[in-house]
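Data first, discussion second: the structure below is written as structure tokens.
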There are 2 protein chains.
Amino acid sequence: MGITERRQRQKDEVRTSIINAARTLVLEEGWQSLSIRRIAEAIEYSVPVIYDHFENKDAILTEFTMTGYDMLAKSLKQAKSQSDQPCQQLDAMANAYWNFAFENKEYYQLMFGLGMPNCESARSIPGLAEFGELLITSIKEVIASSPNQDKDPFLKYHTFWSVLHGLVSINMMHKTTTHGNMNELILKDAISSFIKALKE
Amino acid sequence: MGITERRQRQKDEVRTSIINAARTLVLEEGWQSLSIRRIAEAIEYSVPVIYDHFENKDAILTEFTMTGYDMLAKSLKQAKSQSDQPCQQLDAMANAYWNFAFENKEYYQLMFGLGMPNCESARSIPGLAEFGELLITSIKEVIASSPNQDKDPFLKYHTFWSVLHGLVSINMMHKTTTHGNMNELILKDAISSFIKALKE
DNA sequence: CTGCAATTACTAACAGTGTTAGCAAATGTA
DNA sequence: TACATTTGCTAACACTGTTAGTAATTGCAG
């Protein structure tokens with residue numbers, strides 16, 4: 001009896017149409033003006049239907065956070081695969097991170113800016129775990145072939161990530177204060193400093 | 001005729017009572033649950049009175065952003081005055097920045113997280129300018145007495161700030177992922193890397 | 001093919017938000 | 001005392017997220 005399966009398929013269609021509508025709304029007018037009612041209007045259903053697929057508005061945002069981390073992890077994975085030298089890998093991943101942030105500004109803002117994802121939910125984001133793995137493995141390799149081996153890879157990973165996030169978000173908010181290609185210079189500066197310290 | 005002056009004084013009292021009420025509300029329940037109506041209730045006035053003192057809710061938040069940058073600049077100024085060695089000054093200011101962020105979490109989140117202050121308004125925040133000056137002057141001194149003098153102090157300032165902000169915000173959102181005094185270690189790690197690169 | 005059960009989608013409402021138009025009262029000035 | 005100005009209010013508008021209750025559709029068993 002494929003009836004229930006067809007029903008499930010139809011239900012899934014509505015679900016994806018919800019997140020599609022939400023995405024286009026966000027890309028057009030930002031998170032601020034994303035409302036349940038406007039999603040309902042876009043998918044040509046009434047409001048309560050949305051609550052059959054998502055517990056509340058936050059659940060929709062969480063969905064985007066998840067896929068956001070997934071996209072980020074994919075980008076980094078791709079960047080890392082371009083080289084097998086750990087230092088170059090780190091450099092490439094830093095660039096990939098930067099590009100992801102500015103090519104998917106809305107995603108990035110949701111992932112890091114507004115929501116401040118619940119501390120507990122952090123470990124339940126698969127993309128985030130992969131993200132960490134990608135960076136940590138490269139960092140470990142650099143440390144392994146360095147004179148000073150008493151460095152904590154996990155600490156270094158957090159430092160690396162913090163530096164990246166700081167660069168991105170400061171540049172996102174105070175765009176005018178930096179002019180021209182200053183942004184890329186700052187990125188290069190910070191990342192090369194970090195890698196240099198890591199190799200010592 | 002001191003009448004108009006007394007009136008002005010009374011008006012100012014209402015104004016400060018508005019921001020005081022707003023602050024306590026925020027400290028108790030966060031920015032999320034700050035509403036015009038709750039402020040009105042707290043100051044025992046009706047809602048439209050608030051609009052006689054602030055153009056809209058955003059203006060109230062801007063007020064907090066302003067004083068936030070002022071407080072931050074004061075903290076850094078104080079920290080810097082403890083030493084006249086530029087490297088120690090940078091270290092002290094980094095620590096002051098860190099402490100400010102976590103001792104005034106709500107301010108910090110408003111200043112950097114949620115609002116993403118309008119790009120144009122950036123240059124109209126006096127505290128922000130002072131903040132920049134404090135860091136740049138120390139950075140310039142370090143560069144001046146270093147072998148390699150072809151470093152852009154402005155670029156280094158942005159890097160320094162970005163690193164700091166990244167450290168703070170990553171730690172604010174993913175508090176559980178780091179355990180114990182890891183946080184301070186990460187701070188020390190990143191800042192010492194930066195200063196080391198600056199001295200070369 | 002009809003009657004019943006379950007799903008589906010709806011209208012309408014509740015409680016809250018920022019914001020403002022219009023009016024009444026209090027206040028200072030002539 | 002009469003007028004003008006300021007001051008503060010009530011009430012409304014247009015939104016927001018969320019949900020209770022209801023009507024219609026649908027699938028299945030007799």
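Residue numbering restarts at 1 for every chain, and letters A, B, ... go by the order of the sequence lines.
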Spacing between B:Arg38 atom CZ and C:dT17 atom C1', to the nearest angstrom: 12 Å
Distance in angstrom units between B:Leu34 CG and C:dG16 C1', rounded: 14 Å
SB check A:Glu29 A:Arg38 (cutoff 4.0 Å): yes
Just the atom pairs and distances: protein N or O near nucleotides 7-11 of chain C's N or O, under 3.5 Å.
residue : atom : partner : partner atom : Å
C:dC10  : OP2  : A:Ser46 : N            : 2.7
C:dC10  : OP2  : A:Ser46 : OG           : 2.8
C:dC10  : O5'  : A:Ser46 : OG           : 3.4

Single-linkage hydrophobic cluster A:Phe102~A:Val26, side-chain heavy atoms < 4.5 angstrom: yes
Gap between atoms CD1 and P, on B:Ile50 and D:dC9 respectively (whole Å): 10 Å
Beyond-backbone contact of A:Trp31 with A:Leu61, side-chain heavy atoms, under 4.5 angstrom: yes
Between D:dG17 (C1') and A:Ile60 (CD1): distance, integer Å: 11 Å
Interatomic distance where CG belongs to B:Asn56 and P belongs to C:dT17 [whole Å]: 17 Å
Side-chain donor/acceptor of B:Arg37 to base of C:dG16, under 3.5 Å: no
Test of ring centre spacing under 6.0 Å for A:Phe131 and A:Tyr69: no
Rounded distance in Å - CG (A:Asp58) to P (D:dT18): 8 Å
Nearest-angstrom distance from the residue atom OH of B:Tyr51 to P of C:dG22: 18 Å
Atom pair CZ (B:Phe64) and CG (B:Leu34), whose distance is rounded to the nearest 0.5 Å: 7.5 Å
For atom CD1 of B:Ile39 and atom P of C:dT17, their distance in whole Å: 11 Å
Parallel, tilted or perpendicular, as decided by the 30° and 60° cut-offs, for the rings of A:Phe112 and A:Tyr97: tilted
